[in-house]
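Working notes, structure below.
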Amino acid sequence: MNERYWKDKSLYHVIFSCKINTNKISEATFQTLQLNSQIASKWTISPPCHYDDNKWDFEGVAQNVLISGIELISFRLHNYENKYMKEVNNAS
């Protein structure tokens, strides 16, 4: 999904999703950080949050992106489906 960024119409807000090959938080965290190191060299990572029914999530943001033209990038990793991600997945 992509759309013009509301603060600056010359920029785009792009959202995509990908699957991680595990449901274990430690393995998912490691895989995500390995992938993210190829996109940006420094990330600000929030601590994982745990919820009922063994659900969890964590997120991070980086501004020193290694890909030309991208100014800011963030991610959210979770082992549950939420309304927002259903919309993103249906748009693709």
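Counting from 1, the numbers follow the sequence of the chain as shown.
- Taking the side chain as every heavy atom from C-beta outward, Thr29 and Ile45 never approach each other to under 4.5 Å.
- Residue pairs meeting the side-chain hydrogen bond (donor to acceptor under 3.5 Å, both in side chains) criterion with at least one partner in residues 38-50, sequence neighbours excluded, are Ser41-Asn64.
- Residues meeting the side-chain contact (heavy atoms from CB on, under 4.5 Å) test with Tyr12, sequence neighbours left out: Asn2, Arg4, Val14.
- Counting non-hydrogen atoms of neighbouring residues, nucleotides and ligands closer than 6.0 angstrom, the CD atom of Gln34 exceeds 12 such neighbours.
- The number of heavy-atom neighbours closer than 6.0 Å to CD of Glu27, taken from other residues, nucleotides and ligands shown, is above 12.
- Across Ser37 and Leu66, no two heavy atoms sit closer than the pair O-CD1, 4.0 Å.
- Remark: Phe75 CZ to Asn36 CG distance equals 5.0 Å, nearest 0.5 Å.
- Heavy atoms only, all atoms of each residue included: Ala40 and Val65 are closest at CB-CA, 4.0 Å.
- Counting all heavy atoms, side chain and backbone alike, Tyr80 lies closest to Trp56 at CE2-O, 3.5 Å.
- With hydrophobic clusters built from ILVMFWY side chains whose heavy atoms lie under 4.5 angstrom apart, Ile39 shares a cluster with Leu33.
- In terms of the side-chain contact (heavy atoms from CB on, under 4.5 Å) criterion, residue partners of Asp8 (sequence neighbours excluded) are, by chain and number, Tyr5, Ser10, Leu11.
- Of the possible donor and acceptor atoms, none in the side chain of Asn54 sits under 3.5 Å from a partner among the backbone N and O of Asn79.
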